[in-house]
Amino acid sequence: MSNTTIKMPEFPSWEGLESIDSAGSFWDTQELSHLNNTLIRTVVNLKEVSRQLTKYEREKTEVELNRNRIYRTTVLSSTAKTESMKKQLAEIACEDYDIKLAFINEVIKELTRISAGLRIDLDILKTLSFNIRQEMKI
């Protein structure tokens, strides 16, 4: 076996998608346009997170299919004497794919968490919007 260094993938930055900008004056029920802008930004961020989730789920499927193909090919073409050794050699051959899968799974978990947070933020903003409109009799 060669003595190589495994380079871990870089996690993408989700800065700006994770939270709404609540540093505004809509909390005092006076500026409805700021609330509307925040609602729109939150919906856009949620759509972007959904797009990213779809992208990484597709990538995960591709990596899993490639990993399984390499695993089967390695087991079948191996000249090792025992079935256990064939499987171990196949696992070693699939190590890069396993690292990619672990990385992609973590990104999917992070995006799912961000999505859940944005949905909660959106529900809160909708409730605030409704309350403000009721107070203003709009």
Side-chain angles (χ1 to χ4, degrees):
M1 265 186 247
S2 67
N3 202 6
T4 60
T5 303
I6 298 173
K7 184 175 183 323
M8 298 304 287
E10 301 270 335
F11 282 95
S13 171
W14 308 120
E15 194 174 318
L17 289 179
E18 221 171 318
S19 63
I20 60 170
D21 176 21
S22 59
S25 59
F26 72 82
W27 298 110
D28 65 8
T29 72
Q30 296 300 314
E31 196 169 323
L32 198 54
S33 65
H34 182 67
L35 176 61
N36 289 334
N37 289 337
T38 306
L39 270 165
I40 291 167
R41 268 196 324 276
T42 304
V43 169
V44 168
N45 287 350
L46 188 57
K47 286 182 182 276
E48 176 60 21
V49 169
S50 295
R51 190 186 68 72
Q52 292 286 336
L53 260 171
T54 301
K55 173 186 149 193
Y56 281 102
E57 286 169 349
R58 287 178 181 166
E59 188 176 337
K60 178 183 176 182
T61 301
E62 284 181 33
V63 171
E64 285 176 337
L65 290 172
N66 287 330
R67 186 228 185 265
N68 292 340
R69 182 181 50 78
I70 295 294
Y71 183 88
R72 288 189 300 270
T73 303
T74 305
V75 168
L76 290 174
S77 65
S78 177
T79 58
K81 299 199 186 276
T82 66
E83 194 66 28
S84 175
M85 285 186 70
K86 288 180 180 183
K87 288 180 180 179
Q88 287 175 355
L89 289 172
E91 288 294 332
I92 290 169
C94 294
E95 194 172 64
D96 287 341
Y97 292 104
D98 292 337
I99 291 169
K100 285 180 187 175
L101 280 173
F103 167 75
I104 291 170
N105 283 329
E106 287 304 310
V107 170
I108 288 172
K109 284 181 196 174
E110 188 174 340
L111 285 168
T112 302
R113 182 188 53 75
I114 292 170
S115 176
L118 286 171
R119 288 179 200 282
I120 290 169
D121 290 348
L122 190 58
D123 287 342
I124 291 168
L125 287 168
K126 288 191 301 188
T127 301
L128 283 172
S129 175
F130 177 77
N131 291 343
I132 291 170
R133 283 177 174 83
Q134 288 296 348
E135 277 185 33
M136 297 173 84
K137 305 279 188 222
I138 297 178

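Side-chain atoms are counted along with the backbone in the values below, which use heavy atoms only and exclude waters and symmetry mates. Because the structure is predicted, anything quoted here is derived from the model rather than measured.
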Measure across Ala90 and Val75 and return the closest heavy-atom pair with its distance rounded to 0.1 Å. CB-CG2, 3.5 Å
Residue pair Thr42 / Leu125: nearest heavy atoms and the distance that separates them: OG1-CD1, 3.4 Å
With rounding to the nearest 0.5 angstrom, report the CG to CG distance, Leu39 to Leu128. 8.5 Å
If you count the non-hydrogen atoms of other residues, nucleotides and ligands that lie under 6.0 Å from NZ in Lys87, is the total more than 12? no
Can you measure from CD1 (Ile108) to CD (Glu57) and round to the nearest 0.5 angstrom? 5.0 Å
If you group Ile, Leu, Val, Met, Phe, Trp and Tyr by side-chain heavy-atom gaps below 4.5 Å, do Leu101 and Val107 land in one group? yes
Would you find a donor on one side and an acceptor on the other, under 3.5 Å apart, between the side chain of Ser115 and the backbone of Leu111? no
Rounded to the nearest 0.5 Å, how far apart are NZ of Lys100 and CG of Asn105? 14.0 Å
Is there side-chain contact between Asn37 and Arg41, with at least one heavy-atom pair below 4.5 Å? yes
Roughly how far, to the nearest 0.5 Å, is CD1 of Ile40 from CG of Asn45? 12.0 Å
Check: Val49 and Gln52 side chains under 4.5 Å, non-hydrogen atoms: no
Would you mind checking if Lys109 and Glu106 are paired as a salt bridge, meaning a charged N to carboxylate O distance below 4.0 Å? yes
Ignoring hydrogens, what is the shortest heavy-atom contact between Cys94 and Ile70? Give both atom names and the distance. SG-CG2, 4.0 Å
How long is the span from the OH atom in Tyr56 to the OG1 atom in Thr112, to the nearest 0.5 Å? 12.5 Å
Can you tell whether the side chains of Glu91 and Arg67 come within less than 4.0 Å, N to carboxylate O? yes
List the atom of Val63, the atom of Tyr97, and the distance in Å for their closest heavy-atom pair. CG1-O, 3.7 Å
Yes or no on side chain to side chain contact (heavy atoms under 4.5 Å, CB included) for Thr61 and Arg58, after CA distance, side-chain angles and deciding distance? CA-CA 5 Å; Thr61 301; Arg58 287 178 181 166; 5.7 Å; no
